[in-house]
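On a predicted model such as this, the values are computed, not experimentally measured, just so you know.
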Amino acid sequence: MAANGVVSDKSLIVSFGEMLIDFVPTVSGVSLAEAPGFLKAPGGAPANVAIAVARLGGKASFVGKLGDDEFGHMLADILKQNSVSGDGILFDQGARTALAFVTLRADGEREFMFYRNPSADMLLKPEELNVDLIRSSKVFHYGSISLIVEPCRSAHLKAMEVAKGAGALLSYDPNLRLPLWPSADEARKQILSIWDKADIVKVSDVELEFLTGSNKVDDETAMKLWRPNFTLLLVTLGEKGSRYYTKNFRGAVDAFHVNTVDTTGAGDSFVGALLCKIVENPTILEDEAKLREVLKFANACGAITTTKKGAIPALPTEADALALINGA
């Protein structure tokens with residue numbers, strides 16, 4: 001530990017953005033209005049990634065703002081219980097923790113209704129950032145929801161700048177949530193406004209189509225999102241696995257077939273697994289055979305996460321992932 005209490009070694013993965021509570025219907029395949037009741041499920045993609053990392057034995061920290069309310073303190077406790085450092089957490093006394101009501105369709109896919117007007121995560125200011133913590137990260141991971149409104153947008157841009165300046169790898173998963181944006185055009189514009197700054201970018205097949213305006217999910221479409229400074233571009237294809245693109249090679253890795261109940265957190269689990277392995281051994285980014293092994297592991301983690309309701313309870317340990325790989 002450094003004198004200021006910040007983890008100072010270079011294996012730290014810092015995740016920046018929102019943490020919220022998803023209210024998930026007790027019954028799948030019904031509308032929100034028809035749902036007889038709801039379960040609280042802590043979530044928010046950047047927080048899920050941090051917990052995914054910690055569950056796999058990595059070092060993780062979360063940077064973001066919660067409401068100074070029961071839900072906010074509950075979420076901070078969940079991070080702590082899951083071995084994620086809370087050095088970057090702030091509480092806002094004037095705003096509530098964000099909530100989302102989620103409809104689980106019969107196929108496990110989701111629809112969202114958000115309560116954020118404004119929520120605490122949107123009110124994080126640049127001057128409130130724990131810059132020492134951000135500087136100490138080996139990987140700095142973020143999404144795009146924190147780009148939607150000020151002051152959080154400026155905090156996000158400053159945090160990226162600080163991390164980049166300290167030599168961290170920048171990892172970006174846009175995690176598109178269209179209902180939160182003023183319009184689809186604005187979402188596309190802002191998500192792409194920071195595109196060139198990342199080292200590692202992960203998009204889903206749906207996000208690939210949205211950002212390129214194409215209706216094809218192929219190499220040609222994916223390469224429209226490639227930038228010369230990227231180290232790795234990933235496209236996740238759900239049950240069809242994932243595709244990878246680097247400066248020197250590209251390819252696809254098959255998915256594991258499991259009984260999918262709820263896809264929440266699968267992409268976050270995939271990202272957490274990948275980032276953990278990159279921190280352990282950065283040379284995998286130059287070695288295709290090693291990268292394929294890591295992506296197989298990340299696919300296994302993503303698959304396991306779909307087999308239970310809710311993201312955080314479903315995030316796997318390394319042993320869980322290896323059991324699926326070795327049993328397959």
(message) Please verify the inter-ring angle class for His73 with Phe91; under 30° counts as parallel, over 60° as perpendicular, anything in between as tilted.
(response) parallel
(request) Would you please classify the geometry between the Trp195 ring and the Phe230 ring as parallel, tilted or perpendicular, with 30° and 60° separating the classes? (result) tilted
Under 3.5 Å donor-acceptor, [X] side chain and [Y] backbone:
| X | Y | result |
| --- | --- | --- |
| Ser269 | Cys301 | yes |
| Asp262 | Gly310 | yes |
| Asn48 | Asp268 | no |
| Asp320 | Thr317 | yes |
| Thr246 | Asn248 | yes |
| Glu150 | Ser154 | yes |
| Ser119 | Arg116 | no |
| Glu128 | Lys125 | yes |
| Glu34 | Ser31 | yes |

(message) Using a strict threshold of under 4.0 Å (side-chain N to carboxylate O), is an ion pair present between Asp199 and Lys164?
(response) yes
When rounded to the nearest 0.5 angstrom, what is the spacing between [atom1] in [X] and [atom2] in [Y]?
| X | Y | atom1 | atom2 | result |
| --- | --- | --- | --- | --- |
| Gln93 | Leu123 | CD | CG | 12.5 Å |
| Thr305 | Phe270 | OG1 | CZ | 11.5 Å |
| Asp92 | Leu66 | CG | CG | 10.0 Å |

Can you tell if the side chain of [X] reaches within under 4.5 Å of the side chain of [Y], non-hydrogen atoms only?
| X | Y | answer |
| --- | --- | --- |
| Leu147 | Leu157 | yes |
| Arg243 | Asp218 | yes |
| Thr307 | Thr260 | no |

(message) Is there a path of hydrophobic side-chain contacts, each under 4.5 Å between heavy atoms of I/L/V/M/F/W/Y residues, joining Met113 to Leu180?
(response) no
(request) Measure from NZ or CZ of Lys277 to the centre of the six-membered ring of Phe297 and say whether it is under 6.0 Å with the direction within 45° of the ring axis. (result) yes
(request) Report yes or no: is the cationic atom of Arg188 (NZ for Lys, CZ for Arg) closer than 6.0 Å to the six-membered ring centre of Phe210, at no more than 45° off its axis? (result) yes
(request) Kindly state whether the ring of Tyr172 and the ring of Tyr142 have centres lying under 6.0 angstrom apart. (result) yes
(message) Counting only heavy atoms from other residues, nucleotides and ligands, does the tally under 6.0 Å from CG of Asn259 exceed 12?
(response) no
(request) Could you walk me through whether Lys202 and Asp173 pass salt bridge (Lys or Arg N to Asp or Glu O under 4.0 Å), step by step? (result) CA-CA 5 Å; Lys202 174 248 160 196; Asp173 175 359; 3.3 Å; yes
